[in-house]
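Given the structure is predicted, the values throughout are model-derived calculations rather than measurements. Keep in mind that the numbers below use all heavy atoms, side chains included, and drop hydrogens, waters and symmetry copies. Naming: A, B, ... by sequence-line order, numbering from 1 per chain.
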There are 4 protein chains.
Amino acid sequence: MPKIGMEPLRRAALVEAAIIEIGHAGTLDVTVSQIARRAGMSSALAHHYFGSKDQMLVAAMRHILTLFGAEVRAALQGNPTPLQRIEALIRASFSTRNFQPEIIAAWLNFYVQAQTSAEARRLLAIYRKRLHSNLRAGFRPLVRDPDIASETIGALIDGVYIRQSLHDDALAGGDAVSLILASVTRIIEADPRTS
Amino acid sequence: MPKIGMEPLRRAALVEAAIIEIGHAGTLDVTVSQIARRAGMSSALAHHYFGSKDQMLVAAMRHILTLFGAEVRAALQGNPTPLQRIEALIRASFSTRNFQPEIIAAWLNFYVQAQTSAEARRLLAIYRKRLHSNLRAGFRPLVRDPDIASETIGALIDGVYIRQSLHDDALAGGDAVSLILASVTRIIEADPRTS
Amino acid sequence: MPKIGMEPLRRAALVEAAIIEIGHAGTLDVTVSQIARRAGMSSALAHHYFGSKDQMLVAAMRHILTLFGAEVRAALQGNPTPLQRIEALIRASFSTRNFQPEIIAAWLNFYVQAQTSAEARRLLAIYRKRLHSNLRAGFRPLVRDPDIASETIGALIDGVYIRQSLHDDALAGGDAVSLILASVTRIIEADPRTS
Amino acid sequence: MPKIGMEPLRRAALVEAAIIEIGHAGTLDVTVSQIARRAGMSSALAHHYFGSKDQMLVAAMRHILTLFGAEVRAALQGNPTPLQRIEALIRASFSTRNFQPEIIAAWLNFYVQAQTSAEARRLLAIYRKRLHSNLRAGFRPLVRDPDIASETIGALIDGVYIRQSLHDDALAGGDAVSLILASVTRIIEADPRTS
DNA sequence: CATGAATGAGTTTTCATTCAT
DNA sequence: TATGAATGAAAACTCATTCAT
């Protein structure tokens, strides 16, 4: 019973399933069949929609980044002060959703995928550039060298985030945010824009 | 063709080859045959000496950590001031050797392996604990909360390091060190130990 | 090339092929590829349907036992006298089909498999129990100790059967039956039920 | 430190080890290394002494048959009556040594080996011929058709013996002997030699 | 005599992918 | 659109066997 307009639903289901499977497994070594089964369809159909496993993984990655982007945009709603802007970015990175072990593991594996797939690399580069320019927009009115400030905080976010993938002695989401915010404060105080 | 005492040589060759192969591929999905070929022997011999691919990968990881540990120990020679101590740790993390793309890629993949292998997780935990206690030893005379300071700098090191795995717009080793040292300075100035 | 409902056909073909291959080789050391080739498919498909070589061998064994069971049931049709009943059981054991060298060799190897596989052991135990209770049902009206009688004839059947696996100076199927029937007669005459 | 006269010791050790390993494993699928390790030497040496795994297995088989033959010869010492002679043969087959699970499993596997190896087949044929002629020598003065009698008892011995390989609901050694002796008695009584 | 070193050939098993229906 | 059927290719791992020492 073919249905009309199934395509976007199927694709979405597969992407969701892929993220969950990768997160559970902690590896990109999940089979297309596993993903398809979780998404409630045959692996053949998964191929029909994505052409190849790689493209499916890329789509999954794109999805995570899209969600993250949306979260950031939502957090920047209203008319935040520069500092609130920075804080919002940090909070988004460690939001309940993004801080789930499965998502962290998936994210980590996308770094690995980026070693092989140009498309994946491109996506991660975009994520990084966006984060960077968002942070810079926040820092510009506050410090003299907003580029360095953004680079530092960006790297710190990634570092704290990736460390979570080891589960043990992990930081709580809130602690992670505090740690980073403290760095933000220090940066601003140490290099105030004296205009 | 020496016929005795080959084991340590073979194991070393395999570990070296594994790191290089993983680095080149950017994945743990390298075959034992590839590794063995690079090490100049048959895959059967690789299995003979390591029992399984996993144990070989763990050995490779252990090797990287050992080398890193040695580098750190060497850097801490002499009678460094606390600040020099911290700087030495940071410099070691971004030494020419450790900052090679292959080593970075291998390191990244060990994070992935840690998702599955308890032994790998254990090794990474050890690395982290050592780095932490070394940093703390440096920070203790300088700041009031050496734990937070170490946690921050540790995460920053990891973040900067992992970001290199994307090769594009990468920081030079020296820039990485400067960036982190600036954070160290700020931490010390913001939270001086007033003894 | 039918495309649906292939599973039972494929499984049956594989089971048949497995029995033949094992019989020809005289060993369980036949490769899945050999079996699959004889069954006209790839070894991958064989794994797809059976999950593992072991499960395929167990299925083969189950098949042989099922056929044997059917043969016995057929032989017990009608309203046989107790003696006819016993004779039918013996004849079934040495029927043309069961007395083929391939089947004998396969059967022998299942004894070996039972040393390792609990499932195989279970199946052989079932076969033995059935044979025993069938024999006992025949002997009960005829002798005073039907248990011993059944145990003796059961062991004799197995002994004559297994000896065939050595092919040389083998007994013909008919001779085997006569030999065992003579024992049956002696047992009945020596220990008549004097009701 | 080469030693003189080691050969027979080494060979004996290997043969013993092979029987034990096969018995434990319940299969001929034991590795030469396992056997050699148990015999306290390298697998290379095992090859040196036997040329191939097969020849080693044949030697193991020959050893079992030799031991069995010795046991029989010992049992036939003195001046036994014909009936004692038969009884001695049966008892030897189920002696404590021969009735160990390991020996039974090894024996069973030699039947399998005989499917492939002509030498193994030859050895089993010899065993059978000897048993047959020994039994016949016992039966000749007692029954009119000693050939059939021997064939029957021989098959019964093999049947009872092989059935033990399934361990469950096994007969004790003594019960096995009684069961078979009862058959002997019946045969003699049913077909007395009336000279 | 004895062995550690070494490997070729093979085996089970897995999986992405294709295709007929 | 959807899938069961099917497979080629590869991977990890094993093992009997050889050989230099």
**Request:** Just do the side chain to side chain contact (heavy atoms under 4.5 Å, CB included) check on A:Gln115 and B:Leu108 with the steps written out, would you?
**Result:** CA-CA 10 Å; A:Gln115 307 294 311; B:Leu108 173 62; 3.6 Å; yes
Name each donor-acceptor pair under 3.5 Å that joins a side chain in residues 32-45 of chain A to protein atoms two or more places apart or in another chain, with its distance.
unit_1	atom_1	unit_2	atom_2	d
A:Arg38	NE	A:Glu21	OE2	2.6
A:Arg38	NH2	A:Glu21	OE2	3.0
A:Ser42	OG	A:Leu45	N	3.2

**Prompt:** Nearest-Å distance, CG (D:Leu28) to C1' (F:dC15)?
**Reply:** 15 Å
**Asked** Dot-bracket for DNA chain E: what is it, with Watson-Crick or G-U pairs under 3.5 Å, [ ] where a pair crosses earlier ones, and | for a pair to another strand?
**Response** .||||||||||||||||||||
**Request:** Give the rounded distance in Å between these two atoms: CE of B:Met56 and C1' of F:dA11.
**Result:** 13 Å
**Distance below 4.0 Å between C:Arg10 side-chain N/O and F:dG4 OP1 or OP2** = no
**Prompt:** From B:Leu28 CG over to B:Phe110 CZ, what is the distance, rounded to the nearest 0.5 angstrom?
**Reply:** 7.0 Å
**Message:** Just the rounded figure in Å: distance from P of F:dA2 to CG of A:Leu14.
**Reply:** 11 Å
**Fill in**
Applied to residues 43-59 of chain C, the salt bridge (Lys or Arg N to Asp or Glu O under 4.0 Å) test, sequence neighbours excluded, yields none
**Fill in**
On a heavy-atom basis, the closest approach of C:Thr27 and C:Asp29 is CG2-N, 2.9 Å
**Fill in**
Those residues at least two apart in sequence (or on a different chain) that pass side chain to side chain donor-acceptor pair (under 3.5 Å) with D:Tyr127 are D:Asp158
**Request:** Return the value, rounded to whole Å, for the distance between atom CD of C:Glu7 and atom P of F:dT3.
**Result:** 17 Å
**Donor-acceptor contact below 3.5 Å, side chain B:Ser117 vs main chain B:Ala114** = no
**Request:** With rounding to the nearest 0.5 Å, note down the distance linking CG in C:Leu166 to CG in D:Leu123.
**Result:** 11.5 Å
**B:Tyr49 vs E:dA6: side-chain N/O to OP1/OP2 distance below 4.0 Å** = yes
**Complete:** Atom CZ of C:Arg11 and atom P of F:dG4 are separated, to the nearest Å, by 16 Å
**Request:** Name the nucleic acid region contacted by A:Phe50, choosing base, sugar-phosphate or nothing; use a 4.0 angstrom heavy-atom cut-off, strictly under.
**Result:** nothing
**Item:** Partner residues of D:Arg11 under the salt bridge (charged side-chain N to carboxylate O under 4.0 Å, His left out) criterion, sequence neighbours left out
**Value:** D:Glu7
**Fill in**
In whole angstroms, the gap separating P of E:dT7 from CE of B:Met6 amounts to 12 Å
**DNA chain E contacts among residues 16-26 of chain C, heavy-atom distance under 4.0 Å** = none
**Prompt:** Could you state the interatomic distance from CG (B:Asn109) to OH (A:Tyr111), rounded to the nearest 0.5 Å?
**Reply:** 14.0 Å
Which pairs of donor and acceptor atoms, one on a side chain in residues 55-68 of chain C, lie under 3.5 Å apart (sequence neighbours left out)?
unit_1	atom_1	unit_2	atom_2	d
C:Gln55	OE1	C:Ser52	OG	3.4
C:Arg62	NH2	C:Glu119	OE2	3.4
C:Thr66	OG1	C:Arg62	O	2.7

**Asked** What one-letter contact string describes nucleotides 11-17 of chain E from 5' to 3', where B marks a base within less than 4.0 Å of any protein heavy atom, S marks contact via sugar-phosphate atoms alone, and - marks no contact?
**Response** SSBBBSB
**Nearest-Å distance for atom pair CZ/P, residues A:Arg37 and F:dA2** = 19 Å
